[in-house]
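Notes follow once the structure below has been shown.
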Amino acid sequence: MTFDLVVATVDRVDELDRLLHSLERQTHAAFRVLVADQNDDERVTAVLGRHPALRSERLRAPRGLARARNAALPHVEADVVAFPDDDCVYPDDLLERVAASLTGLDGVTGREPWWTTGPATLTRENVWNRAISFTIFLRRSVVERVGAFDERLGLPSSSGEEIDYLIRALDAGARIAYDPTIVVEHPRKPFDLESVGARDGTSVGYILRKHGYPRAAVARMLLRPAGGVLLHPRRARFHLATLRGRLAGYRAG
């Protein structure tokens with residue numbers, strides 16, 4: 001089984017170098033790294049030059065996570081496509097275990113270390129907390145059916161482009177499993193809770209409206225942050241920003 005790893009990168013050097021070091025240690029060697037370079041200089045060329053053993057290709061890409069990934073998608077050729085962040089780290093045997101997990105499936109998602117450890121088949125209802133982009137592995141046939149990422153989503157101004165992508169894959173008939181044994185390390189960095197709540201909330205609301213979620217599902221997604229305002233007063237501003245964002249995104253969607 002072959003892999004194309006689509007890495008959208010901007011501004012980072014040391015983090016990208018760390019990711020590439022982890023890829024050099026993979027026990028499953030049949031992969032290629034497609035680097036969607038959003039920088040205006042040659043810093044990525046220098047980083048790739050430190051890893052001559054890796055099969056890699058640098059692609060110029062516009063700024064924006066979804067746009068950068070879309071610039072790379074026409075170049076994928078492998079059996080499986082993945083989207084590692086430029087600051088994550090793959091365990092040494094990750095691709096080997098993913099290849100084994102994909103038997104009979106169109107895709108698998110993994111987790112960050114603190115996520116739920118119960119396996120599941122992805123549905124439109126549970127996809128929200130069982131997938132994040134750097135833990136997603138999809139067969140190329142699924143990517144070809146789904147097509148491009150929605151460029152109205154994706155960092156730096158939005159988020160949730162991977163959830164939208166998985167919902168489209170599920171709607172197209174893909175069978176995707178959440179495998180909690182697949183764990184990818186990703187740094188947890190300080191951030192402004194209120195601004196992140198508003199950003200992510202707006203994206204969730206937009207996705208709910210775009211994909212025609214029933215009113216009961218929309219109500220549940222609004223009740224959660226509303227309850228958070230009451231139950232977690234120290235984080236009330238975050239939950240309130242999330243609630244307002246979901247309402248605004250739903251209206252805009």
Item to check | Whether Q38 side chain and G64 backbone form a donor-acceptor pair below 3.5 Å | outcome: yes
Checklist entry - When you look at L222 and Y250, which way does the side-chain contact (heavy atoms from CB on, under 4.5 Å) test go after all the steps? => result CA-CA 10 Å; L222 296 176; Y250 190 79; over 6 Å; no
Checklist outcome for this item: residues 243-253 vs salt bridge (charged side-chain N to carboxylate O under 4.0 Å, His left out), sequence neighbours excluded, gives none
Checklist entry - Taking all atoms of both residues into account, what is the closest heavy-atom pair of T116 and P180, and its distance? => result O-CB, 4.0 Å
Checklist entry - Taking the hydrophobic residues Ile, Leu, Val, Met, Phe, Trp and Tyr, and joining any pair whose side-chain heavy atoms are under 4.5 Å apart, which ones share a cluster with L65? => result L155
Checklist entry - Checking T202 side chain against A198 main chain: does a donor-acceptor pair fall under 3.5 Å? => result yes
Checklist entry - Should the heavy atoms of other residues, nucleotides or ligands under 6.0 Å from CZ of R25 be counted, would the total exceed 12? => result yes
Next on the checklist: Would D85 and S133 count as a side-chain contact (heavy atoms from CB on, under 4.5 Å) here? Give the steps.
Outcome noted: CA-CA 8 Å; D85 280 0; S133 59; 3.7 Å; yes
Checklist entry - Can you list the other members of the hydrophobic cluster that holds L231, where links are side-chain heavy atoms under 4.5 angstrom apart? => result none
Next on the checklist: For T242 and D200: C-alpha separation, side-chain torsions, deciding distance, then whether side-chain contact (heavy atoms from CB on, under 4.5 Å) applies.
Outcome noted: CA-CA 7 Å; T242 300; D200 293 353; over 6 Å; no
Checklist outcome for this item: The reported gap from CZ in R50 to OG1 in T45 (rounded to nearest 0.5 angstrom) is 11.5 Å
Checklist entry - Is there a chain of hydrophobic side chains (I, L, V, M, F, W, Y, each step under 4.5 Å between heavy atoms) that links L122 to F134? => result yes
Next on the checklist: How long is the straight-line distance from CZ of R224 back to NE2 of H239, given to the nearest 0.5 Å?
Outcome noted: 12.5 Å
Checklist outcome for this item: Closest non-hydrogen contact found for R130 with A120 is NE-CB, 3.8 Å
Item to check | I176 versus A169, closest heavy-atom pair with distance | outcome: CD1-CB, 4.1 Å
Next on the checklist: Please evaluate residues D41 and N39 with respect to the criterion side-chain hydrogen bond (donor to acceptor under 3.5 Å, both in side chains), reporting the C-alpha separation (whole Å), side-chain torsions for both, the decisive distance (0.1 Å), and the verdict.
Outcome noted: CA-CA 6 Å; D41 54 29; N39 296 291; 4.9 Å; no
Checklist entry - Are V44 and V10 co-members of a hydrophobic cluster defined by side-chain heavy atoms under 4.5 Å apart? => result no
Item to check | Derivation and outcome, side-chain contact (heavy atoms from CB on, under 4.5 Å), residues L73 and F149 | outcome: CA-CA 9 Å; L73 287 184; F149 285 88; 4.2 Å; yes
Checklist entry - What heavy-atom pair brings L102 and G107 nearest, and what distance separates the two atoms? => result CD2-CA, 3.6 Å
Item to check | Distance (rounded to the nearest 0.5 Å) between F83 CZ and I132 CD1 | outcome: 14.0 Å
Next on the checklist: Contact between L54 and F31 at the side-chain level, heavy atoms closer than 4.5 Å - yes or no?
Outcome noted: yes
Checklist outcome for this item: S101 and L105 have their tightest heavy-atom pair at O-CD1, 3.3 Å
Next on the checklist: Check this for me: does any side-chain nitrogen of one of D11 and R63 sit under 4.0 Å from a carboxylate oxygen of the other?
Outcome noted: yes
Checklist entry - Atom CG of D179 and atom OG1 of T109: how far apart are they, to the nearest 0.5 Å? => result 8.0 Å
Item to check | Pairing residues for T2 by the side-chain contact (heavy atoms from CB on, under 4.5 Å) criterion, not counting sequence neighbours | outcome: A30, A78, D79
Checklist entry - With the threshold set at 4.0 Å, does a side-chain nitrogen-carboxylate oxygen contact exist between D171 and R124? => result yes
Checklist outcome for this item: Here the gap from R32 atom CZ to E77 atom CD, rounded to the nearest 0.5 Å, amounts to 4.5 Å
Checklist entry - Would V89 end up clustered with V6 when hydrophobic side chains under 4.5 Å apart are linked, directly or stepwise? => result no
Checklist entry - How about R12 and R43: do any of their side-chain heavy atoms sit closer than 4.5 Å? => result no
Item to check | R58/E42 salt bridge by N-O under 4.0 Å criterion | outcome: yes
Checklist entry - salt bridge (charged side-chain N to carboxylate O under 4.0 Å, His left out): which pairs involve residues 156-169, sequence neighbours left out? => result R69-E161, D164-R168, D164-K210
Next on the checklist: Strictly distance-based, threshold 3.5 Å: is any side-chain N or O of Y165 a donor or acceptor partner for the main-chain N or O of G147?
Outcome noted: yes
Item to check | Distance (rounded to the nearest 0.5 Å) between D40 CG and R60 CZ | outcome: 7.0 Å
Checklist outcome for this item: With sequence neighbours left out, the residues meeting side-chain hydrogen bond (donor to acceptor under 3.5 Å, both in side chains) with R175 are none
Checklist entry - Are L23 and V13 in one and the same hydrophobic cluster, where Ile, Leu, Val, Met, Phe, Trp and Tyr link if side-chain heavy atoms are under 4.5 Å apart? => result yes
Checklist entry - With respect to H28, which candidate in F137, Y90, F3 satisfies the ring-ring contact (aromatic ring centres under 6.0 Å, His included) definition? => result F3
Next on the checklist: Under a 3.5 Å threshold, yes or no: a donor from one side chain and an acceptor from the other, between N126 and Y178?
Outcome noted: no
Next on the checklist: Please give me the minimum heavy-atom distance between A71 and L59, naming the atom from each residue.
Outcome noted: O-CD1, 4.5 Å
Checklist entry - Do V196 and L247 belong to the same hydrophobic cluster, where Ile, Leu, Val, Met, Phe, Trp and Tyr are linked whenever their side-chain heavy atoms lie under 4.5 Å apart, directly or via other members? => result no
